[in-house]
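First the proteins, then the strands, lettered A, B, ... as listed; each starts at 1. What you see below is based on every heavy atom in this structure, not just the backbone, and it leaves out hydrogens, waters and symmetry mates.
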There are 2 protein chains.
Amino acid sequence: MARVAPAQVNQSLVNGLTCLQELVLADRPIGVRELARQLDMDPTRVSRLLGTLSWLGLASQDEDRKYHPGPAVHVLSALSLHGSRLLSDSLPVLRELAAETGQIVALGVLWRSHVCYLYHGKAHTPLELAVGARGPFPARQSSIGRVLLAQLTAAELADLCAHESDLLPPEGVPAFYESLSQVRERGYSRGGIHGESLAVAVGCPAVAALAVAGSIDPEQEVQLADRLREAAARIHIGKSPDDV
Amino acid sequence: MARVAPAQVNQSLVNGLTCLQELVLADRPIGVRELARQLDMDPTRVSRLLGTLSWLGLASQDEDRKYHPGPAVHVLSALSLHGSRLLSDSLPVLRELAAETGQIVALGVLWRSHVCYLYHGKAHTPLELAVGARGPFPARQSSIGRVLLAQLTAAELADLCAHESDLLPPEGVPAFYESLSQVRERGYSRGGIHGESLAVAVGCPAVAALAVAGSIDPEQEVQLADRLREAAARIHIGKSPDDV
DNA sequence: TCGCAGTGTTGCTATATATGCAACACTAGC
DNA sequence: GCTAGTGTTGCATATATAGCAACACTGCGA
């Protein structure tokens, strides 16, 4: 997952996309200075970038002058849904798995210290509640988050922990690293508040993770993990259209 | 839909997002110079911007050094799907309408000279084929495109036509403007290769459009348009979470 | 095999633009 | 009315970006 930096990284683009991502995931309108504090960025810069996003329709201001996603985010979601194909490619697998297990099935990606869900629901969960309806969840408490964190190199994990202090758990850093090491070994992770979910990575290199959540019989754990891995293998990541 | 330009628009961000959008919608990997020609941008700039997107994981190169969407586009689709909520909010309406009419139902947004679909399918179309599976379609041939173009001001439409030459139809500009004027008057549009679809705008101001396609009895046209408008009114656009 | 035409990337440097300071306008609460 | 917060702006300037030119690479045709 480590990428070679090009000769010149365009910082404005990096900063602007950072603002956009934060804005889109905020669960309420956010002010310029608040966002600047969150991102440790100068408020003028943030104001300028949000102004540009607003001009593009990707942001919009309310009557309190706070920013929230604008109309062009609908366009962005249509574009990226098509460009990613992950949701459409995985839906059959997800629905089948949900029907088979009778449990909640989830597909999520890691975004900073959180997991963002593309899908989260049971077999008969209405689609509008299963797709795009949940907000971000802390990665370290999520089986999806833990299995994705376990795929990172030590350097990547250290870098992420350095930037995301809320990723560091109460039990301390060494124990955290050790538990991720165990996840790596087993090939699956447990998560949820009471360990009620189980996840495996999707894609090689991993770009998402697939989880089942609900009542998991400890004796069936390994079997379920195998089943999930089988399902994950059926989800194609970023294949060219010629593969269809 | 006209937006006030902020004091200082960040051009790098605008250019970078333009590259990203084009990349995500390309139906095959695209080269730097090809994209530069399409966007009428200097190739070095495009190379630099794509390099930055690649560094962020939003782009990736194949063995021919051409660029295609990278793993972070999955994250972007999860983020924007959540931020937009348009797909999740409209799914019940779409599926109900599809069941009721027995026809194809579509929800799309206008992106440059094309329509991009969030949803396109019949009542029993598998979700993986209905969501995010279709690529862009020329706006002027689409009922969704025409009804959305009809919502633009004269200035906006002129600006768009100036930038998107493929938007200009064979019958000429005045006739095009006149037909859009009629769409505006009627409150719905016909589209498709043989006029086999009918669409109304969603949202005020319009951010998307809802269409039915298939066999449309001309005598039921007005009635169907009313039904579509009723359905469109049930799709909430960009409400704050407090409205849920 | 060589030459050509296309490709993507880079170092370098000039300059256009992004940045941040400071000022302003606005809002809410005491 | 004052204070503390807010978002935005003009201005000047530092610097990040942009483009030139060179390089490495690839595929095709003679």
#### Entry: Pair of N/O donor and acceptor under 3.5 Å linking C/dG11 base with B/Arg48 side chain
yes
#### Entry: Pairwise distance CD(B/Glu128) to CZ(A/Arg85) - rounded to 0.5 angstrom
10.5 Å
### Distance, nearest 0.5 Å, that separates OG of A/Ser54 from CG of A/Leu23
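With rounding to 0.5 Å, OG (A/Ser54) is 9.5 Å from CG (A/Leu23).
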### Query
CG of B/Asp64: more than 12 outside heavy atoms within 6.0 angstrom?
yes
### Query
Counting only N and O atoms by type, is there a donor-acceptor contact under 3.5 Å from the side chain of A/His68 to the main-chain atoms of A/Arg28?
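No, A/His68 side chain to A/Arg28 backbone: no donor-acceptor pair under 3.5 Å.
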### Query
If only atom types and distance count, is the side chain of B/Thr18 paired as donor or acceptor with the main-chain N or O of B/Val14 below 3.5 Å?
yes
Starting at atom [atom1] of [X], determine the distance to atom [atom2] of [N], rounded to an integer number of angstrom.
X: B/Ile30; N: C/dT7; atom1: CD1; atom2: P; result: 11 Å
X: B/Gln11; N: C/dA16; atom1: CD; atom2: P; result: 14 Å
X: A/Leu49; N: C/dG20; atom1: CG; atom2: C1'; result: 13 Å
X: A/Gln61; N: C/dC26; atom1: CD; atom2: P; result: 14 Å
X: B/Asn10; N: C/dT17; atom1: CG; atom2: C1'; result: 9 Å
X: B/Leu13; N: C/dA16; atom1: CG; atom2: C1'; result: 17 Å

#### Entry: A/Leu50 or B/Glu63, whichever maps to the more 5' nucleotide of DNA chain D
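With A/Leu50 and B/Glu63 compared, the 5'-side residue is A/Leu50.
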### Message
Over all strands shown, is A/Val14 touching base, sugar-phosphate only, or nothing at heavy-atom distances under 4.0 angstrom?
### Response
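Contact class for A/Val14: none.
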#### Entry: Residue that, paired with A/Leu81, satisfies side chain to side chain contact (heavy atoms under 4.5 Å, CB included) out of B/Val24, B/Val73, B/Val131
B/Val131
### Shortest side-chain distance from A/Gln8, nucleotide among C/dT10, C/dC12, C/dT19
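Among the listed nucleotides, the one closest to the side chain of A/Gln8 is C/dC12.
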### Task
Return the minimal non-hydrogen interatomic distance between A/Ala201 and A/Val147, and the atom names on each side.
N-CG2, 3.9 Å
### Message
Salt bridge check, A/Glu22 against A/Arg112: does any charged N sit closer than 4.0 Å to a carboxylate O?
### Response
yes
### Message
Using heavy-atom distances to pick each residue's nearest nucleotide on DNA chain C, tell me which of B/Ser12 and B/Glu34 is more 5'.
### Response
B/Glu34
### Query
What residues in residues 40-47 of chain A put a non-hydrogen atom under 4.0 Å from any atom of DNA chain C?
A/Asp42, A/Thr44, A/Arg45
### Covered region of DNA chain D, 5' end to 3' end, by chain B [heavy atoms, under 4.0 Å]
D/dT9 to D/dC25
Donor-acceptor pairs are to be reported for all side-chain atoms of residues 43-53 of chain B against protein atoms at under 3.5 Å, with residues two or more places apart or in another chain.
| from | atom 1 | to | atom 2 | distance (Å) |
| --- | --- | --- | --- | --- |
| B/Thr44 | OG1 | B/Asp42 | OD2 | 3.3 |
| B/Thr52 | OG1 | A/Asn10 | N | 2.8 |
| B/Thr52 | OG1 | B/Arg48 | O | 3.1 |

